[in-house]
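A short write-up of the structure that comes next.
These numbers come from a predicted model, not from an experiment.
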Amino acid sequence: MTKASHLNPPPPPKRLIGYARVSTADQLNDAQVDELRAAGCARIFQERGSGALRARPVLAKLLKDLAAGDVLVVVRLDRLAHSVSHLLDVIEDLVTRGVHFRSLRDPIDTSTPQGMFSLQVLGAVAQLERALIAERTKSGMQAAKARGRLAGNPGLRERRPEAIRAVSAARERAYLDELIASAQTWLPIVRELRPRHSWDDVVRILNRRGHDWTVERLRRAVHRMVREKLADPELLSRSPRRPPEHHLMRLVAGIAIADPDLSLRDIAAQLDQMQERPPRGGRKWQPSSVRALLDEARRFGLVRS
């Protein structure tokens with residue numbers, strides 16, 4: 001090896017990381033996975049859920065874990081984003097972090113000048129589209145006003161019961177459709193944790209995995225799934241009363257159940273991020289403290305041996 005080559009080692013190879021998504025549990029990711037593997041992706045993250053959903057835990061974790069030099073690969077642009085503006089926001093964030101993006105069926109590859117040019121054109125089209133929509137909306141409202149008509153639903157303005165019922169039913173249908181589309185990303189964890197763990201603990205675990213729940217919203221979602229016979233009513237049972245010192249044990253058990261692959265050190269890091277105080281004082285959690293709480297959780301039957 002020459003001195004020059006020793007001082008200037010070749011750059012590490014780029015990691016090609018794939019992301020595949022289908023909208024419903026009835027669809028299969030197989031075709032996307034095959035294309036991503038053929039493109040050279042060593043790792044492929046798979047998710048089921050509507051593209052319009054804000055909370056996509058698998059995508060959130062993937063985007064967070066990407067490092068400079070990585071290439072995020074999708075089969076089509078709509079697998080990543082639900083709108084052009086959302087797509088541009090995601091890609092802009094990746095570019096600022098030194099992460100490239102490639103769509104196999106679209107002329108988008110931010111590692112090439114041609115791909116960046118296509119992205120700029122896409123951004124200009126999105127900006128023009130927003131301007132045209134705003135202009136059409138403004139013109140339509142002005143035309144309606146000139147004819148003595150008010151914008152909006154006349155039935156709602158007049159508080160007609162049938163119009164209110166129709167809008168309410170449409171909102172409920174949309175809410176249920178969203179719950180069903182996203183259920184596989186959160187309901188299995190709820191099934192693992194409830195009713196042995198409190199709603200507060202369940203929400204903490206879910207949000208640590210990329211969700212955005214509150215106790216009120218999660219309870220409402222589970223109630224609705226139970227009402228539709230898509231979840232066991234036992235999930236709504238009251239969690240057992242435990243002394244205050246059992247809080248940390250239940251929390252550690254919940255983290256371990258939600259992600260069995262986490263090491264003791266990983267769980268300790270999560271507890272530090274959640275600003276939970278260690279049981280024996282100190283500022284940082286130690287793996288030994290986590291192990292002691294897991295052993296206690298096993299004795300109580302909260303975690304399988």
Closest approach of [X] to [Y] (non-hydrogen atoms, all atoms of both residues):
{"X": "His211", "Y": "Thr185", "result": "NE2-O, 3.0 Å"}
{"X": "Ala39", "Y": "Leu16", "result": "O-CD1, 3.5 Å"}
{"X": "Asp106", "Y": "Leu77", "result": "OD2-N, 3.1 Å"}
{"X": "Arg194", "Y": "Ser239", "result": "NH1-CB, 3.7 Å"}
{"X": "Pro233", "Y": "Val226", "result": "CA-CG1, 3.8 Å"}
{"X": "Met225", "Y": "Trp186", "result": "CG-CH2, 4.0 Å"}

Qualifying residues under side-chain hydrogen bond (donor to acceptor under 3.5 Å, both in side chains), relative to Thr96, sequence neighbours excluded: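 Expected list: none.
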Flag the pair [X] / [Y] as yes when at least one side-chain heavy-atom distance between them is below 4.5 Å, and no otherwise.
{"X": "Trp199", "Y": "Val222", "result": "yes"}
{"X": "Ile44", "Y": "Val73", "result": "no"}
{"X": "Leu193", "Y": "Asp201", "result": "no"}
{"X": "Phe45", "Y": "Ile17", "result": "yes"}
{"X": "Arg43", "Y": "Asp65", "result": "no"}
{"X": "Val190", "Y": "Leu218", "result": "yes"}

Evaluation steps, side-chain contact (heavy atoms from CB on, under 4.5 Å), between Gln46 and Val58: CA-CA 7 Å; Gln46 301 183 55; Val58 174; over 6 Å; no
Presence of salt bridge, Arg173 and Glu228, under 4.0 angstrom: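 No, this pair does not count.
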Under-4.0 Å salt bridge between Arg97 and Asp93: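 Salt bridge: yes.
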Neighbour count above 12 (heavy atom, 6.0 Å) for Arg76 CZ: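 More than 12 within 6.0 Å, yes.
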Other residues, nucleotides, ligands: >12 heavy atoms within 6.0 Å of Glu216 CD: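 No.
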Main-chain N/O of Arg21 paired to Arg79 side chain as donor or acceptor, under 3.5 Å: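 Yes, because the side chain of Arg79 sits within donor-acceptor range (under 3.5 Å) of the backbone of Arg21.
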Arg265 side, atom CZ; Leu262 side, atom CG - distance, nearest 0.5 Å: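 Going from CZ on Arg265 over to CG on Leu262, the span is 13.5 Å.
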